[in-house]
Asker: 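Dropping a structure here in structure tokens format, bear with me for questions.
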Amino acid sequence: MMPRRSVIVSVARAEMVAQVRDGRIRVIGLLLMAACLVAVAVGMQRQQQRQHDVGGGQAAMHEQFVSQGRKNPHSGAHFGIYALRPEGPLGFAEPGLDDVTGTVIRVEAHQPNRYRDAPQLDRPGLSPFPSLSLADLLAIVGPLFIVFLVTPSIAAEREQGTLALLLSQGLRPSELVVGKALAGSALILLTVLPAATILAGAARSETALGGRVMIFAAASGLYLMTFVLLSLIVSVRAATARGALTAGLAIWAATVVVGPKIGRTVAERLVRMPTTTEFNEQVDAVTWGDKLTEWELRENRKVEETMRQYGVSRKEELPLNVYGLSLQMQEDEDGAATDAAFTRLFAGFARQDRALEWMSVFAPVLAFRAVTMASAGTDSWQRADFWWTVERYRRDLTRMANMHMAQQSNSVEGYDAMAGEELWRRVPPFRYDFPDTGAVWRHAAPGLTFLGAWLLATLAVLTSASRTLRIVR
Amino acid sequence: MTFGRLIAAEVPRLKRDRALMLAAAVLACACALATLVGLQRLSDDVKTAARLAADESARYALLDQALARGGFKAGAYDDWSNPQMVALTTGARAAVLPAPPLSVLAAGQRPLLPTTMSVSTWRKPFDSRYQPLENGWHLAIGTLDFAFIIVTLLPLFIVALGFDVLSGERESGTLALLNAQRPPLGRLVFVRIGLRLAVLVGVIGTLASVAVTLADAPAADVVTAIGVIVVITALYGACWFGLLLLIQRLHRTSLTNAFLALGLWLVVVVVLPPLLQAAAERAEPLPSRIDLLVAARDIEERATDGADGALESFYGEHPQLAQDAALVAQRKYALSHLDTMRAVDDRERVFDDVFSARSRRITRTAYLLPPALAQEILQRLAGTDAARHHEFLRRVRQLNRDYAEYFYGLVLAGQPMTREALRQVPRLAWNDDTAPARLTAVWPGAATLLVLASVLLGVGLWRIGRVRWIEKASA
């Protein structure tokens, strides 16, 4: 028998009125609403400051590079530049990994570098929850609010004896459950509405953000709705409101507070990553790195090989600067090796991330964070994408300097070749564009699927539980 | 009725308390997992430190042998009699922040900040290659350790066990009955919550002692760690029980008490610490690190451009060294490198100063906030606090300067590398305090926690023991 829409609306309306009249819910709801607004406002201010710093810093560094004066092209490549990662498009709502792993990469000859200057470096640790972004609030506080709001609802009716009264008046259990679910969903929506409006406003002001905001909103909706249904399941099954609240809190603590840490531990065990020293040793073993003697020997071999190629007996007779070629040979050989090492590194991180996403079978918050970070542009994948963009830029810059040295100079006595602004200007300012929305959707899809699965599973359990709704337990 | 009799009467109730047993079991599982995670991390850190030490010893042994034979000179980079060549890579000093065995209790800043670096003139010690290579998402999630269990989870268990300590009695109609018994209500409640807290503290203390014993900590450290963990857990738990008693005073239903207690947990543990941190960052603003990078590049360029002038003034001060034309390029490089390093160092010191100011401010704030205080104490005890890491980073920066000044000093003086000179290459001498010695840093925090716990618990028990209150509550 289909539930009657008008009855459901009546139940939902009555529940909402009762909840809004409850001072406890009102206070917590208003606090959460205010916290969301403050988090978004602070996040936006930080994002603006960061964009300003990155824009200004990147331009200043390029200007420094261009005006470094006359010097050997390879020395110019050593002087290099820094690539500054702009804040993710929705970084104001979800700072993600930028807060803990740094956003600056040095671009220089010979070696690709990793991220540096994490904000954590200047932050004395005070809290196990280091930031409080909109995503943090939705992930941690949102479900707790729902537990407060929804878990006592049906259990309290049972405890107070009003459940028997409602059912005896012809109300079907499914109508009661759907009405309560609607009321809970509407209240949580009302609570996050102001922050959601700001997000929507951001999307309207910049069309490219629209897709990302939709992904963020979809994840938030699925995640919070899952908790509404979970709380209702607990409420349907519990004998008393106290019991329901205790069980709801236990589920919240297990899935939101402890679950991610256990998931992280499992992911680390499943996919073992090298330590910093092990990774450096792996890279050093396959590259010229700082093996300066070997470097010298290889350089000498390159000189002899080039002399044979040109059929000359003295290096002074070569028509090009063989040291430039030698340096480029090092870049090419090391580049292939470091590409492989970093590909393995990022693939390892991606496997760990996937393992963590699978752990969302037990803790949906992990799927939620995977999706919000993807939508914000602050996840591992988009950080790796930035890294590869920087590495391509580094290769181009170094190749240009080395080949200029090789082709433009007839001097083969060491590093006498010189270059000036005309060469440095050929290096374009560094620029990074975040991946398009289609790619973000693809990367967010597994997380959204997990969240969807959670929603369907809780819906199925709730449907079954509501069929056997008992007046007394 | 004496406390002994009250305890004897309460113990059978404890055994039947399924919620307490469940909480103890979950806590034990979490502690066991934290032990495994901590031991794995410690083992990785110890292996890395040993590997780096062995690598450095091997390099120095080879250099010593080569210098005994007058320096190996197969190529320009193998001229070990040249201090500049030794300083480049082969003479590099490993700078390692040792993982204290007690770090098994609190990961603290270890996963976030560099703990192993290499000091040479080839690479800067703060090069990104020494940044921790951790999955960023894992860093953002944080580590499951004893500090997290005590600071974050323990209050949740306490709330779950104690939100209805009196309101439950009232709702079931037994409060008036309890009050009619001989022991005062305050004493009865004290025994009830004390025993429950003792069970939780016992679980954490037992597993923490297993963890530090398995971590091969020295006996004195084990005893100190167990003592501090037990005391801090008990005091911190007592603060939460005290807060619960104060909430009971509001005469609300158990459900409302649970709401209030969890709201309090949310505000005190989750919301306030990051807000206070943000406030400290605003109060002690830091210059932009991007600006520092731009300035450092300017300094480097100026030093390179000014190398001729620097050499000229060097020869002006040391005319006897001016004859050695072969060393001109090396000396110019040494002078410009030293100039750059000193100037950048001065700029970086600003960050150290601001960090210290922020730390002081945050430490002061922590004294008002039990979770932050407990976290600070546990990280200090474990040797994984931010202050120790920053001291390490500061010392590495100093070593970098000493190292460069030592080798470039030889270059500028025109002295070759010798076995004796090799023995004097600066190194990082890092001596950690033992855990008992670290107690001096921990006790002010512990004393504050004791005062907070005494006040909260004392006021709570005093208020519920008052006859008027009991009458009102029973009504």
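Quick note on labels: first sequence line is chain A, next is B, and so on, each numbered from 1.
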Asker: If you compare all heavy atoms of B/Leu156 against all heavy atoms of A/Ala253, which two are closest, and at what distance to 0.1 Å?
Answerer: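 Distance-wise, the nearest heavy atoms are CD1-CB, 4.1 Å.
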
Asker: With only heavy atoms counted, which part of B/Thr116 is less than 4.5 Å from chain A, the side chain, the backbone, both or neither?
Answerer: side chain

Asker: Distance only, no hydrogens: is a donor on one side chain within 3.5 Å (strictly under) of an acceptor on the other, for A/Arg114 and B/Gln131?
Answerer: no

Asker: Please check if the side chain of A/Asp353 supplies one atom and the backbone of B/Trp137 the other of a donor-acceptor pair under 3.5 Å.
Answerer: no

Asker: Given that the side chain runs from C-beta out, which part of A/Ala35 has a heavy atom under 4.5 Å from chain B: side chain, backbone, both or neither?
Answerer: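 Neither part, no heavy atoms under 4.5 Å.
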
Asker: Contact part of B/Thr48 toward chain A, heavy-atom cut-off under 4.5 Å: side chain, backbone, both or neither?
Answerer: side chain

Asker: May I ask you to say whether B/Glu301 pairs ionically with A/Lys71, meaning some side-chain N is under 4.0 Å from a carboxylate O?
Answerer: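 Result for this pair is yes, salt bridge flagged.
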
Asker: With only heavy atoms counted, which part of A/Arg50 is less than 4.5 Å from chain B, the side chain, the backbone, both or neither?
Answerer: side chain

Asker: Measure distances from B/Arg41 to the heavy atoms of chain A and classify the residue's part below 4.5 Å as side chain, backbone, both or neither.
Answerer: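 Only the side chain of B/Arg41 comes within 4.5 Å of chain A.
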
Asker: Do you know which of A/Thr276, A/Ile28, A/Ile105, A/Leu249 has the most heavy-atom pairs under 4.5 Å to chain B?
Answerer: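 Of the candidates given, the most pairs with chain B belong to A/Thr276.
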
Asker: Looking at A/Ala156, A/Ala370, A/Pro95, which has the largest count of heavy-atom pairs under 4.5 Å with chain B?
Answerer: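 Among A/Ala156, A/Ala370, A/Pro95, the one with the most close pairs to chain B is A/Ala370.
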
Asker: Where does B/Thr304 contact chain A at under 4.5 Å (heavy atoms): side chain, backbone, both or neither?
Answerer: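 Interface part for B/Thr304: neither.
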
Asker: Do you know which of A/Arg116, A/Arg383, A/Gln64 has the most heavy-atom pairs under 4.5 Å to chain B?
Answerer: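 Maximum pair count with chain B is reached by A/Gln64.
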
Asker: First locate atom CD of A/Glu268, then atom CD of B/Glu134, and finally report the distance between them rounded to the nearest 0.5 Å.
Answerer: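 Answer rounded to 0.5 Å: 6.0 Å.
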
Asker: Please look at A/Met61 and chain B and tell me whether the side chain, the backbone, both or neither of the residue comes under 4.5 angstrom of a heavy atom of that chain.
Answerer: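 Contact with chain B: backbone and side chain both.
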
Asker: For each of A/Met273, A/Gln49, A/Arg272, tally heavy-atom pairs with chain B at distances under 4.5 Å, and name the one with the top tally.
Answerer: A/Arg272

Asker: Using non-hydrogen atoms only, which part of A/Tyr115 is less than 4.5 Å away from chain B: side chain, backbone, both, or neither?
Answerer: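 Just its backbone gets close to chain B.
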
Asker: With a 4.5 angstrom heavy-atom cut-off, is it the side chain or the backbone of A/Ala118 that approaches chain B, or both, or neither?
Answerer: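 Neither the backbone nor the side chain of A/Ala118 comes within 4.5 Å of chain B.
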
Asker: Check whether A/Leu345 gets within reach of chain B through its side chain, its backbone, both or neither, counting any heavy atom under 4.5 Å.
Answerer: side chain

Asker: Tell me, for A/Thr265 versus chain B, whether the close heavy atoms (under 4.5 Å) come from the side chain, the backbone, both or neither.
Answerer: side chain

Asker: So which part of B/Tyr130 gets closer than 4.5 Å to some heavy atom of chain A, the side chain, the backbone, both or neither?
Answerer: both

Asker: Would you say B/Arg297's side chain and A/Phe79's backbone share a donor-acceptor pair under 3.5 angstrom?
Answerer: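 Yes, B/Arg297 side chain to A/Phe79 backbone: donor-acceptor pair under 3.5 Å.
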
Asker: Please rank A/Phe65, A/Tyr82, A/Phe279 by heavy-atom pairs under 4.5 Å with chain B and give me the top one.
Answerer: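 Highest number of pairs under 4.5 Å: A/Tyr82.
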
Asker: Among all residues two or more places apart in sequence or in another chain, which pass the side-chain hydrogen bond (donor to acceptor under 3.5 Å, both in side chains) test with A/Arg369?
Answerer: A/Glu94, A/Asp136

Asker: Could you tell me which portion of A/Leu137 (side chain, backbone, both or neither) has an atom closer than 4.5 angstrom to a non-hydrogen atom of chain B?
Answerer: neither

Asker: Side chain from CB out, backbone as N, CA, C, O: work out which of these in B/Leu52 comes under 4.5 Å of a heavy atom of chain A, or both, or neither.
Answerer: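 B/Leu52 touches chain A through side-chain heavy atoms alone.
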
Asker: Which bit of A/Ile81 is near chain B, if near means a heavy-atom gap under 4.5 Å: side chain, backbone, both or neither?
Answerer: both

Asker: Looking at residues at least two apart in the chain, or sitting in another chain, which of them share a side chain to side chain contact (heavy atoms under 4.5 Å, CB included) with A/Ser67?
Answerer: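 Only A/Glu63 meet the side chain to side chain contact (heavy atoms under 4.5 Å, CB included) criterion with A/Ser67.
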
Asker: Measure distances from B/Val267 to the heavy atoms of chain A and classify the residue's part below 4.5 Å as side chain, backbone, both or neither.
Answerer: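 Neither part; nothing is under 4.5 Å.
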
Asker: Which atoms of A/Pro274 are under 4.5 Å from chain B, going by heavy atoms: the side chain, the backbone, both sets, or neither?
Answerer: both

Asker: Any idea which of A/Glu278, A/Gln58, A/Arg106 has the most non-hydrogen atom pairs under 4.5 angstrom with chain B?
Answerer: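 With the most close heavy-atom pairs to chain B, the winner is A/Glu278.
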
